[in-house]
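These notes are about the structure you will find just below.
Only this structure's heavy atoms are used, side chains among them; waters, hydrogens and symmetry mates stay out. Per chain, numbering begins at 1; letters A, B, ... match sequence-line order.
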Amino acid sequence: MESERIIFHIDANSAFLSWEAAYRLNQGEKIDLRTIPSVVGGDPKTRHGIVLAKSIPAKAYKIKTGESLFAAAQKCPNLTIVPPSYDLYLKCSNAMVDILKRYSPSVQRFSIDECFLDYTGKTLCKKSPFNKACEIKDAIKKELGFTVNIGISNNKLLAKVASDFKKPDMVHTLFPEELKKKMWPLPVEDLFMVGRATKPKLNRMGIFTIGDLANFDLDILKFKFKKPGLLIWEYANGMENSKVSPDSSVGMKGIGNSTTISFDVEDRKTAHLILFSLVETVGMRLRASNNLCSLVSVSIKSNKFSSSSKQRKLYFSTDSTNAIGEISCQLFDELWNGDPIRHIGVSVSSLSSNQRNQLSFFYPGDIEKDERLNRAVDDIREKYGKNSLVRSSFLHSGLKPLNGGSGSDSYPVMSSFL
DNA sequence: TCTGGGGTCCTAGGACCC
DNA sequence: TCTGGGGTCCTAGGACCC
């Protein structure tokens with residue numbers, strides 16, 4: 001039966017900040033960032049100045065993830081700000097997953113700091129899952145130096161909600177029989193998939209708690225919110241039954257890369273160079289995943305923060321950096337209205353396996369030559385480092401030839417669906 | 001005043017075909 | 001001559017997640 005499943009949701013507390021703190025203590029630093037008002041944040045000079053993670057003391061100042069460092073510093077003048085180290089975070093995340101896999105082979109990495117673990121059928125005793133979760137939490141703290149919350153229930157949704165209860169370093173349960181008491185009194189925006197656009201709409205309908213939503217007329221919700229209306233109503237009632245599926249790149253839908261540029265781009269040439277720097281890493285990741293794409297999309301955000309995008313379905317599939325780059329530049333030229341540009345992105349989708357037995361008649365250019373070129377570039381970068389080989393057009397341009405695709409290829413896949 | 005980056009899914013409108 | 005639907009594909013934009 002369904003109610004027999006036992007699912008854990010493991011959530012690293014203030015992940016980036018905890019990882020930074022644990023690393024710095026290990027390096028001999030005296031102050032633990034977790035004990036003072038502190039945030040991990042980007043550099044405002046390059047227009048990356050937002051809060052990526054906050055300590056619990058910083059949270060007391062109402063500092064929120066995603067807000068500007070400027071706003072955060074206004075709320076808390078003696079705030080300590082440290083820059084992010086993404087490679088470190090990836091290592092911490094991987095180390096956490098390794099520990100979890102000791103307890104069950106069925107571990108799903110949901111984001112860089114969250115995992116689901118299926119503990120079904122591993123115990124006969126009712127009390128045991130709670131004790132086991134405590135054991136996991138303590139093992140992570142002892143071996144890696146940071147704390148996690150673990151939520152336990154019969155499905156992923158409720159386990160995730162449970163892990164968000166009191167923090168840090170805690171284990172909570174949220175079984176269906178506890179739903180009314182533990183989940184229904186919470187504000188409706190605490191529910192997974194109720195975001196900042198939906199909250200005010202629900203509030204205007206008189207829905208303020210998860211319980212209000214759970215007991216609301218489903219037909220009205222479906223009429224007003226379509227499919228998501230049904231989804232959030234089911235979630236409010238604790239209904240969710242997706243499997244814990246170990247990660248793989250099989251289900252991957254697209255690969256994208258975008259950047260906020262430290263200055264406003266006002267000419268086409270510079271924009272094209274930046275596009276190529278983004279496509280370079282997209283192409284490498286695409287080939288590394290053994291996929292071809294047949295949809296290319298370019299997006300831009302102006303210095304006034306208005307965004308627009310243009311995409312094109314191809315009549316062939318490709319993993320060629322040059323092909324994707326040229327199409328991106330075309331799309332950009334058709335899209336751009338001349339406004340100064342703050343942010344540029346490229347993504348590819350409509351992926352298919354790169355088994356080259358059905359090459360399209362429409363594939364432009366010299367296929368074999370281009371394939372050999374891409375393979376050679378990937379090999380050289382694999383051997384001598386990513387920046388060992390760059391496009392000559394970037395020399396003296398003052399721009400980074402490769403943009404994004406940070407660190408390792410095993411960057412976790414995130415999803416907005418459980 | 002300043003506002004990141006990487007994803008997935010859904011909707012709505014128009015083109016095109018039967 | 002004027003009228004109708006349904007299905008599928010493509011595109012742009014917006015919702016949500018971390």
By side-chain hydrogen bond (donor to acceptor under 3.5 Å, both in side chains), A/D264 pairs with (sequence neighbours left out) A/R47, A/N303
Are A/W19 and A/F146 an aromatic pair by the rule of ring centers under 6.0 Å? yes
Does a side-chain N or O of A/S347 approach OP1 or OP2 of B/dG6 to a distance below 4.0 Å, or not? no
On DNA chain B, more 5' by nearest nucleotide between A/I255 and A/N303 is A/N303
With respect to the phosphate group of B/dG4, does any side-chain polar atom (N or O) of A/H343 fall under 4.0 Å of OP1 or OP2? no
From the list C/dC18, C/dC10, B/dG4, which nucleotide is the closest neighbour of the side chain of A/K313? C/dC10
Nearest-Å distance for atom pair CG/P, residues A/D43 and B/dG5: 12 Å
When you compare the side chain of A/F110 with that of A/K156, does any pair of heavy atoms fall below 4.5 Å? no
By the 4.0 Å heavy-atom rule, please label A/G42 as base, sugar-phosphate, or nothing. nothing
Can you find a side chain N or O atom of A/R109 that sits less than 4.0 Å from OP1 or OP2 on C/dC18? no
Salt bridge check, A/K141 against A/D169: does any charged N sit closer than 4.0 Å to a carboxylate O? yes
Check this for me, if you would: do A/E382 and A/R287 make a salt bridge, where the nitrogen-to-carboxylate-oxygen distance has to be below 4.0 angstrom? no
Between A/D32 and A/R34, is there a side-chain N and carboxylate O pair less than 4.0 Å apart? yes
Around atom NZ of A/K180, are there more than 12 heavy atoms of other residues, nucleotides or ligands at under 6.0 Å? no
Contact class for A/Q74 vs. all strands (heavy atom < 4.0 Å): base, sugar-phosphate, or nothing? nothing
Rounded to whole Å, how long is the line connecting atom CG of A/L52 with atom P of B/dG6? 13 Å
Please give the stem ranges for DNA chain C, sorted by first residue number, where a stem is three or more consecutive Watson-Crick or G-U pairs and both donor-acceptor distances are under 3.5 Å. B:5-18 with C:5-18
Looking at B/dG6, I'd like to know if its phosphate oxygens (OP1 or OP2) sit under 4.0 Å from a side-chain N or O belonging to A/N257. yes
Using distance alone, with no hydrogens and no angle criterion, decide if A/N322 and A/S320 have a side-chain donor and acceptor under 3.5 Å apart. no
With a 4.0 Å limit, can you tell me whether A/S258 has a side-chain N or O closer than that to the phosphate oxygens OP1/OP2 of B/dG6? yes
Determine: side-chain N/O of A/T65 to OP1/OP2 of C/dC18, distance under 4.0 Å, yes or no. no
Is any side-chain nitrogen or oxygen of A/R342 closer than 4.0 Å to OP1 or OP2 of B/dT3? yes
Per-nucleotide protein contact along nucleotides 12-17 of chain B, 5' to 3', at a 4.0 Å heavy-atom cut-off (B base, S sugar-phosphate only, - neither), is S-----
Under-4.0 Å salt bridge between A/E178 and A/K181: no
Could you tell me whether the side chain of A/E280 reaches within less than 4.5 Å of the side chain of A/R381, counting heavy atoms only? yes
Would you measure the distance from the C1' atom in C/dC17 across to the matching atom in B/dG4 and give it in whole Å? 15 Å
For B/dC2, does the glycosidic angle fall within 90° of 0 (syn) or outside that (anti)? syn
Syn or anti: how is C/dT1 classified when any glycosidic angle within 90° of 0 counts as syn? anti
